[in-house]
Engineer: 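Just passing along the structure, written as structure tokens.
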Amino acid sequence: MNKFESTIVLKPDITKKMKDEIINKFKTLTKDVEIDERGKKILAYEVKGYKEGIYIVFNFKSTNKINRELEDYIKNNLNILKYIILKGEE
């Protein structure tokens, strides 16, 4: 398993329940996940009509196969405005 870092930006009006579902999905798909909820911030530019977003940073261990599954989940989740998954340092 490799180390990865992912930052996601959620819609600012998302409910706590929906946010928790997204966090739990990361927890169930990955290993050794560390979560840093950065809170609501102003976006550098408008995304899908939103000027603010809720930032969450995940550090985790995963395989490429799991990352594809995670990416498919992220792409299909309408509450996620933007995301990035980067390979971390070993």
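Counting begins at 1 with the first residue of the sequence.
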Engineer: Report yes if the side chains of N59 and F4 come closer than 4.5 Å at any heavy-atom pair, otherwise no.
Structural biologist: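 Contact flag for N59/F4 side chains = no.
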
Engineer: Kindly compute the distance separating CG (L70) from CD1 (I8), expressed to the nearest 0.5 Å.
Structural biologist: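 Going from CG on L70 over to CD1 on I8, the span is 9.0 Å.
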
Engineer: Is the shortest distance from a Lys or Arg side-chain nitrogen in R68 or D72 to a carboxylate oxygen in the other one below 4.0 Å?
Structural biologist: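 No, R68 and D72 are not salt-bridged.
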
Engineer: Quick one, K51 and L43 - any side-chain contact, counting heavy atoms below 4.5 Å?
Structural biologist: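 They are not in contact (no side-chain heavy atoms under 4.5 Å apart), so the answer is no.
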
Engineer: I'd like to know if the side chain of N24 reaches the main chain of D20, judged simply by a donor and an acceptor atom lying under 3.5 Å from each other, with no hydrogens or angles considered.
Structural biologist: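 Checked: pair present.
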
Engineer: Does a donor on one side chain sit under 3.5 Å from an acceptor on the other, for Y55 and E37?
Structural biologist: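 E37 and Y55 do not have a side-chain donor-acceptor pair below 3.5 Å.
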
Engineer: Between CD of E71 and CG of N64, what distance do you get to the nearest 0.5 Å?
Structural biologist: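 If I round to the nearest 0.5 Å, the distance is 10.5 Å.
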
Engineer: Would you check if I23 and F58 make a side-chain contact, meaning some heavy-atom pair closer than 4.5 Å?
Structural biologist: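 Yes, side chains in contact.
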
Engineer: Under the side chain to side chain contact (heavy atoms under 4.5 Å, CB included) criterion, do D36 and R38 qualify, and how do the steps go?
Structural biologist: CA-CA 6 Å; D36 182 9; R38 303 266 171 109; 2.6 Å; yes

Engineer: When you measure from the side chain of K11 to the backbone N and O of L78, does any donor-acceptor pair fall under 3.5 Å?
Structural biologist: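 Yes: the side chain of K11 pairs with the backbone of L78.
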
Engineer: Using the rule that two of Ile, Leu, Val, Met, Phe, Trp, Tyr join whenever any of their side-chain heavy atoms come within less than 4.5 Å, decide whether M18 and I56 are in one cluster.
Structural biologist: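 Same hydrophobic cluster.
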
Engineer: Once rounded to the nearest 0.5 Å, what's the spacing between atom CD1 of I22 and atom NZ of K17?
Structural biologist: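 Separation between the atoms: 13.0 Å.
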
Engineer: Could you tell me whether the side chain of T30 and the main chain of S62 form a donor-acceptor pair under 3.5 Å?
Structural biologist: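 No.
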
Engineer: Do the rings of F26 and F60 sit parallel, tilted or perpendicular, given the 30° and 60° boundaries?
Structural biologist: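 Perpendicular, since the angle between the ring planes exceeds 60°.
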
Engineer: Could you tell me which non-hydrogen atom of E21 sits nearest to which non-hydrogen atom of Y73, and how far apart they are?
Structural biologist: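 Closest approach of E21 to Y73: O-OH, 4.1 Å.
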
Engineer: Should we count CD1 of I42 as having more than 12 external heavy atoms under 6.0 Å?
Structural biologist: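 No.
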
Engineer: Look up atom CD in E46 and atom CG in L81, then write down how far apart they are to the nearest 0.5 Å.
Structural biologist: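 Separation between the atoms: 10.5 Å.
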
Engineer: Against K82, only a single residue in T7, I74, V47 fulfils side chain to side chain contact (heavy atoms under 4.5 Å, CB included); can you say which?
Structural biologist: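 That would be V47; it is the only one of T7, I74, V47 passing the side chain to side chain contact (heavy atoms under 4.5 Å, CB included) with K82.
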
Engineer: Using 0.5 Å steps for rounding, measure from the CG atom of L10 to the CD1 atom of I80.
Structural biologist: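 The distance works out to 6.0 Å.
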
Engineer: I66 and I35: same hydrophobic cluster, using ILVMFWY side-chain contacts below 4.5 Å?
Structural biologist: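 The answer is yes; both residues are in one hydrophobic cluster.
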
Engineer: Search all heavy atoms of I54 against all heavy atoms of P12 and return the closest pair with its distance.
Structural biologist: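 Taking I54 first and P12 second, the nearest heavy atoms are CD1-O, 3.9 Å.
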
Engineer: Could you go through the side chain to side chain contact (heavy atoms under 4.5 Å, CB included) check for K31 and M1 one step at a time?
Structural biologist: CA-CA 9 Å; K31 303 284 185 213; M1 289 201 162; 3.6 Å; yes

Engineer: For the atom pair NZ (K61) and CD (E34), what is the distance rounded to the nearest 0.5 Å?
Structural biologist: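 Between atom NZ of K61 and atom CD of E34 there are 10.0 Å.
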
